[in-house]
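A short write-up of the structure that comes next.
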Amino acid sequence: MENSSVRVRFAPSPTGPLHIGGVRTALYNYLFAKKNGGSFILRIEDTDQNRFVPGAEAYIVEAFNWCGIEFDEGVTKGGEYGPYRQSDRKDMYREYADLLIQSGNAYYAFDTPEELNDIRKQLEAEKKIFTYDAVQRTHLKNSLTLSPSEVKNLLHAGTPYVIRFKMPTDQVIVMEDEIRGRVEVNTSVLDDKIIFKSDGMPTYHLANVVDDHLMKISHVIRGEEWLPSLPLHVSLYDAFGWDKPKFAHLPLLLKPDGKGKLSKRDGDRLGFPVFPLQWTDPESGEVSRGYREDGYFPEAFINMMALLGWNPGDEREFFSLAGLVEAFSIEKVGKSGSRFDQEKAKWFNHHYLVEKSNDELAGLFLDVLKEKNIDPGQKNLSYIVGLVKERVNFVAELWEQSSFFFEVPAVYDPQTVKKRWKTDSFEHMKELEVVLKQVQDFSSENTEKVVKAWIEEKEYGMGAIMNAFRLLIVGEAKGPHLFDIIEVIGKEDTLARINRGVEILGKKEAN
RNA sequence: GCUCCGUUCGUCUAGCCAGGUCAGGACGCCAGGUUUUCAUCCUGGUAACACGGGUUCAAAUCCCGUACGGAGUACCA
């Protein structure tokens, strides 16, 4: 609000499609930024060249486009703190690593991955866990144990090395998390993390601290999986002598059943998308479904995601993106993980679908019809959609609730036949056909008037007639007001359906 | 193993920070109502403070412990 210097970032790694947990993290960042009149930045963290996946960055951008989440700065927008892709910032990290070496906060380590692995295995055999920490570093191959000339020689010879952060010994690091409050950790349980890799790239830890500082990030809002490395990051800021941003660690999204965080497999197993958009793996060709392709509206998706871990503090449930911005506050974000609930997601979609205008829905429905090679002819799709939209959760479901407007029922549902095709139905329907044949004005209002008058005159049961009638027109016991249906399909089709139904179903003998 | 984080109806959650309401709402489910059917809709119902101590006149709320769960523990982010 009053703080115009709020700057937050979402910093995904382009290693594949964006998980919905990531979408939620980005959403909360966005909401926080907009709520406080700040900027939202998209930074791509591609410091691991081995895990680069083509198309992943484009996917991320497209996903946010679909969601309606806009960035103020970033890979697609540019900005005065660029470049926003870490691979494009490669050169600047080295000097910061050097700064730490000079100040004695970091050191060269020449141990090869193989050597370290051997030690790790050895200790494992003794049921111990190896960590490159204050104790271990004193007898490993690094610039702390080697003489300056030895180090110089190794460096000159081009020996591969990494740069490790020298974790201070026996200090209590006090951290303040905006969601969890105070967290304390003693450095004696921390290890000397690699901050600069032998391939010349920084690790996440160095890169994110340097970039957040350079990009003047005011609040780091990220997933809970980063909480364990917060002490390192805080130590890094201290070692550089930089002001720290505020930190907030969001709870995880959990799988709907069982334990653990939501994974791609859960979606496949339980039949719901774990990604905002459909994704085709460039290597395996494997397709993962997306919310967009599954028929979710972006506003429903966002509304549902926002409420998974945050609440407005009152009983409101429906929020537009702008409404979320207005209502959002980091204090109302929960501490514990949330399970994704598919039923509630559907309910949200239903809500937004019903809220849409019939014209808009008709447009979407027309695409469905085209795919099925159904020609709606002169039929008023808006009107039809308006009659059935309350019965569906998705546009794609509109067809099964309205196919009888376009097609003669292929079969008569056996259950319904058993229940509604009574002994008298045969005669009743034949009579009804004659009655309707004489009707000129086939409007819903008029046919209803005529048919009801006939029923009353003959003292037939309303239910008996109408249910059998519906069976012949629709094929089963479903659908909107019957007279509305026959108005749409018209007199000719209505009479044909009655005629055909009577023929096929025949006269049921009394039991 | 170790470190950190967490734990209110089946699910999302309010309430916890500033102890005192039959622990509230929503989804789901069940029942009833409306209706020519189904769905919508309306009404009602179901169902939770992980456990054990402590502090207190009083604890979901504060403190300690236990259990359970999760995350991290890579030259991945």
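Lettering of chains follows the sequences in order, A, B, ..., and the numbering in each one begins at 1.
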What nucleic acid atoms does A:G334 come within less than 4.0 Å of, heavy atoms only: base, sugar-phosphate, or nothing? nothing
Pairing donors with acceptors under 3.5 angstrom, does anything connect the side chains of A:D170 and A:S188? no
Judged by each residue's nearest nucleotide on RNA chain B, which is more toward the 5′ side, A:G260 or A:T15? A:G260
Would you please say whether a donor-acceptor pair under 3.5 Å links the side chains of A:S263 and A:D266? yes
Using a cut-off of less than 4.0 Å, is there contact between a side-chain N or O of A:T131 and OP1 or OP2 of B:rC2? no
Take the protein atom CG of A:N311 and the nucleotide atom P of B:rA14, then report the distance between them rounded to whole Å. 4 Å
Verify the contact: side-chain N or O of A:K346 to OP1 or OP2 of B:rU11, cut-off strictly under 4.0 Å; return yes or no. no
Nucleotide N/O to protein N/O under 3.5 Å, stretch nucleotides 45-52 of chain B:
none

Can you check the A:K255 NZ to B:rU11 C1' distance for me, whole Å? 16 Å
Letter by letter from the 5' end, nucleotides 29-36 of chain B scores (B base, S sugar-phosphate only, - none; protein heavy atoms under 4.0 Å) -------B
Side-chain donor-acceptor contact under 3.5 Å, A:Y107 with A:D192: yes
Check: A:R180/A:H249 side-chain N/O donor and acceptor closer than 3.5 Å: no
Would you call the rings of A:F318 and A:H351 parallel, tilted or perpendicular, taking 30° and 60° as the class edges? parallel
Pick base, sugar-phosphate or nothing for A:G479, based on heavy-atom distances below 4.0 Å to the nucleic acid. base
Candidates B:rG24, B:rA26, B:rC75 - which lies nearest the side chain of A:E317: B:rA26
Rounded to whole Å, how long is the line connecting atom NE2 of A:H350 with atom C1' of B:rG28? 15 Å
Rounded to the nearest angstrom, tell me the gap between atom CG in A:L230 and atom P in B:rA77. 18 Å
Under 4.0 Å: is that the gap between some side-chain N or O of A:T47 and OP1 or OP2 of B:rA77? yes
Nearest to the side chain of A:W347, which nucleotide is it out of B:rC12, B:rC27, B:rG72? B:rC27
Once hydrogens and angles are ignored, does a donor-acceptor distance under 3.5 Å link the base of B:rA26 to the side chain of A:K344? yes
Hey, what are the protein-to-nucleotides 3-10 of chain B N/O distances that come in under 3.5 Å?
| residue | atom | partner | partner atom | Å |
| --- | --- | --- | --- | --- |
| B:rC5 | O2' | A:R180 | NH1 | 2.6 |
| B:rC5 | O2' | A:E224 | OE2 | 3.0 |

Determine the interatomic distance between C1' on B:rA60 and the same-named atom on B:rG6; round to the nearest Å. 16 Å
Which sits closer to the 5' end of RNA chain B, A:S338 or A:S198, going by the nucleotide each is nearest to? A:S338
Is A:K332 near enough to B:rU13 that one of its side-chain N or O atoms lies under 4.0 angstrom from OP1 or OP2? no
Separation of atom NZ in A:K193 from atom P in B:rA77, rounded to whole Å: 12 Å
Between B:rA77 (P) and A:I194 (CD1): distance, integer Å: 10 Å
Which residue, A:F394, A:F275, A:Y296, forms the ring pair (Phe, Tyr, Trp, His ring centres under 6.0 Å) with A:Y291? A:Y296
Within the 3.5 Å criterion, strictly below it, is a donor on A:D111 or A:N142 matched to an acceptor on the partner's side chain? no
Once you apply the 3.5 Å cut-off to both distances, tell me the Watson-Crick or G-U wobble partner of B:rA74, or none. none
From B:rA26, B:rU37, B:rG25, pick the nucleotide closest to the side chain of A:K478? B:rU37
Indicate, with a heavy-atom threshold strictly under 4.0 Å, whether A:L308 touches base, sugar-phosphate, or nothing. sugar-phosphate
Parallel, tilted or perpendicular: which one describes the rings of A:Y108 and A:Y161, with boundaries at 30° and 60°? perpendicular
Base partner of B:rU21, which must satisfy Watson-Crick or wobble distances under 3.5 Å: none
Are a donor atom and an acceptor atom from the side chains of A:H350 and A:E390 found within less than 3.5 Å of each other? no
Categorize A:D413 for me: base, sugar-phosphate, or nothing, with a 4.0 angstrom heavy-atom threshold over every strand shown. nothing
Find the distance A:E390:CD to B:rC42:C1' and express it as a whole number of Å. 13 Å
Check whether any side-chain heavy atom of A:R137 lies under 4.5 Å from a side-chain heavy atom of A:T145, and answer yes or no. no
Please give the distance between the C1' atoms of B:rC64 and B:rU56 as a whole number of Å. 16 Å
Spacing between A:H205 atom NE2 and B:rC76 atom P, to the nearest angstrom: 11 Å
Hunt down the Watson-Crick or G-U wobble partner of B:rG32, both distances under 3.5 Å, from any strand shown, or write none. B:rC42
A:D341/A:K344 salt bridge by N-O under 4.0 Å criterion: no
Just say parallel, tilted or perpendicular for the rings of A:W454 and A:Y460, cut-offs at 30° and 60°. perpendicular
Are A:F469 and A:I498 side-chain neighbours, meaning at least one heavy-atom pair lies under 4.5 Å? yes
Searching all strands shown, indicate the nucleotide that pairs with B:rA67 (Watson-Crick or G-U wobble; both distances under 3.5 Å). B:rU7
Between B:rC29 and B:rU11, how many Å separate the two P atoms, rounded to a whole number? 16 Å
C1' atom, B:rG70 versus B:rG53: distance in rounded Å? 26 Å
Checking A:Q171 against A:N186: is there a side-chain donor and acceptor pair closer than 3.5 Å? no
